[in-house]
Number of protein chains: 2
Amino acid sequence: MPIVAARHLDTVFSALGDPVRLAIVENLSTSTSGHAMVNDLAALFPISLQAVSKHIKVLEAAGVVSQGRDGRHRPVSLVQSSISTASDWLDDRTRQLEARYARLDHVLANIHEGTRS
Amino acid sequence: MPIVAARHLDTVFSALGDPVRLAIVENLSTSTSGHAMVNDLAALFPISLQAVSKHIKVLEAAGVVSQGRDGRHRPVSLVQSSISTASDWLDDRTRQLEARYARLDHVLANIHEGTRS
DNA sequence: TTGACATTCAACTGTTTGATTGAATAAGAT
DNA sequence: ATCTTATTCAATCAAACAGTTGAATGTCAA
């Protein structure tokens with residue numbers, strides 16, 4: 001079965017394709033609690049709170065993070081499945097590349113054997 | 001001009017964050033030869049050859065593909081290290097998420113033990 | 001109720017991007 | 001030499017994007 005890319009995989013990669021959003025994801029993945037407030041995340045970057053809020057919306061639209069509700073806070077946390085989906089797709093690419101190299105090695109080995117006979 | 005510019009992870013993700021470019025990468029990874037001509041890739045999409053050529057340039061600038069020279073052809077092939085770099089980063093995120101879940105399980109188990117005592 | 005805090009919405013702006021068409025370059029085929 | 005093929009370069013355009021400031025919403029705390 002050929003492994004088919006998820007329908008909106010490009011949206012996930014696009015969401016990760018910005019230094020601020022990549023840093024947000026990294027921060028969330030390394031935080032002990034697994035979530036962070038918009039305000040705390042905004043403090044990490046030299047841009048306005050509103051700009052960070054927008055970045056979070058982009059990540060959320062791509063399914064990379066989700067936002068809950070805790071009083072007047074909106075805790076942001078990673079959605080593991082989206083990370084896994086992207087990771088799996090890249091792993092598939094790596095495996096296919098390695099498989100081709102392996103086939104190439106095999107062909108070269110056969111050629112070598114042929115020259116000896 | 002020898003390529004190899006400062007390639008950052010967000011640039012790689014950004015390059016993958018487009019359906020045409022993602023399909024190009026997928027096509028290259030599944031092709032038997034491991035490379036493809038610009039013309040052949042362009043035939044896969046309902047956009048102009050020049051647009052596809054630009055997409056390839058974006059992928060090349062991000063270090064995701066490289067282009068060789070074979071007569072009047074410019075064969076495009078994947079650069080494994082860039083795929084691996086992105087894959088490794090996502091794997092790290094996945095591992096951190098799993099580690100946190102494991103710690104949470106542990107905490108919950110302790111709480112449960114506490115209620116029994 | 002008033003005020004502070006956390007966050008979003010709305011409007012605006014400059015930059016980047018994805019696409020187009022037409023012209024240019026380069027190399028194989030006739 | 002000329003023609004055809006493969007690909008890129010250049011100019012252009014509309015749409016999307018990342019950022020800003022200012023106003024609005026909702027919630028806690030006095």
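As the structure is a prediction and not an experimental result, all values here were calculated from the model. Within every chain, numbering begins at 1; the chains are lettered A, B, ... in the order of the sequence lines, protein sequences first and strands thereafter.
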B/S/- contact track for nucleotides 22-30 of chain C, protein heavy atom under 4.0 Å: B---SBSS-
Criterion side-chain contact (heavy atoms from CB on, under 4.5 Å) on B:Q67 and B:V38, from CA distance to verdict: CA-CA 10 Å; B:Q67 256 183 307; B:V38 180; 3.6 Å; yes
Residue from A:R95, A:R100, A:Q96 passing side-chain hydrogen bond (donor to acceptor under 3.5 Å, both in side chains) with B:S29: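 Output: one option passes, namely A:Q96.
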5' priority, DNA chain D, between B:L49 and A:H55 [closest heavy atom]: B:L49
side-chain contact (heavy atoms from CB on, under 4.5 Å) between B:F13 and B:L90, intermediate numbers included: CA-CA 11 Å; B:F13 283 132; B:L90 285 168; 4.0 Å; yes
Protein-nucleotide distance (A:I56, atom CD1; C:dT7, atom C1'), rounded to Å: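 To the nearest whole Å, that distance equals 9 Å.
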Integer-rounded Å distance: D:dC28 C1' and A:H73 NE2: 9 Å
Sugar-phosphate, base or nothing in reach of B:K54, heavy atoms under 4.0 Å: base
side-chain contact (heavy atoms from CB on, under 4.5 Å) between B:L16 and B:R21, intermediate numbers included: CA-CA 6 Å; B:L16 297 175; B:R21 293 194 292 265; over 6 Å; no
Heavy-atom pair of closest approach, residues A:V20 and A:F45: O-CZ, 3.6 Å
Criterion side-chain contact (heavy atoms from CB on, under 4.5 Å) against A:L59, the qualifying member of A:V79, A:V12, A:V64: A:V64
Which nucleotide in D:dT7, D:dG19, D:dC9 has an atom nearest any side-chain atom of B:K57: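 For the B:K57 side chain, the nearest candidate turns out to be D:dC9.
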Selection: residues 21-47 of chain A, any non-hydrogen atom under 4.0 Å of DNA chain D: A:R21, A:I47
Return no unless some side-chain N or O of [X] is found under 4.0 Å from OP1 or OP2 of [N].
X: B:Q67; N: D:dT8; result: yes
X: A:S48; N: D:dG19; result: no
X: B:S53; N: D:dT8; result: yes

Interatomic distance, A:L78 atom CG to A:L28 atom CG [nearest 0.5 angstrom]: 4.5 Å
Between CD on residue A:E26 and CG on residue A:L44, distance to nearest 0.5 Å: 11.5 Å
Atom NZ of B:K57: over 12 foreign heavy atoms under 6.0 Å: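 Open.
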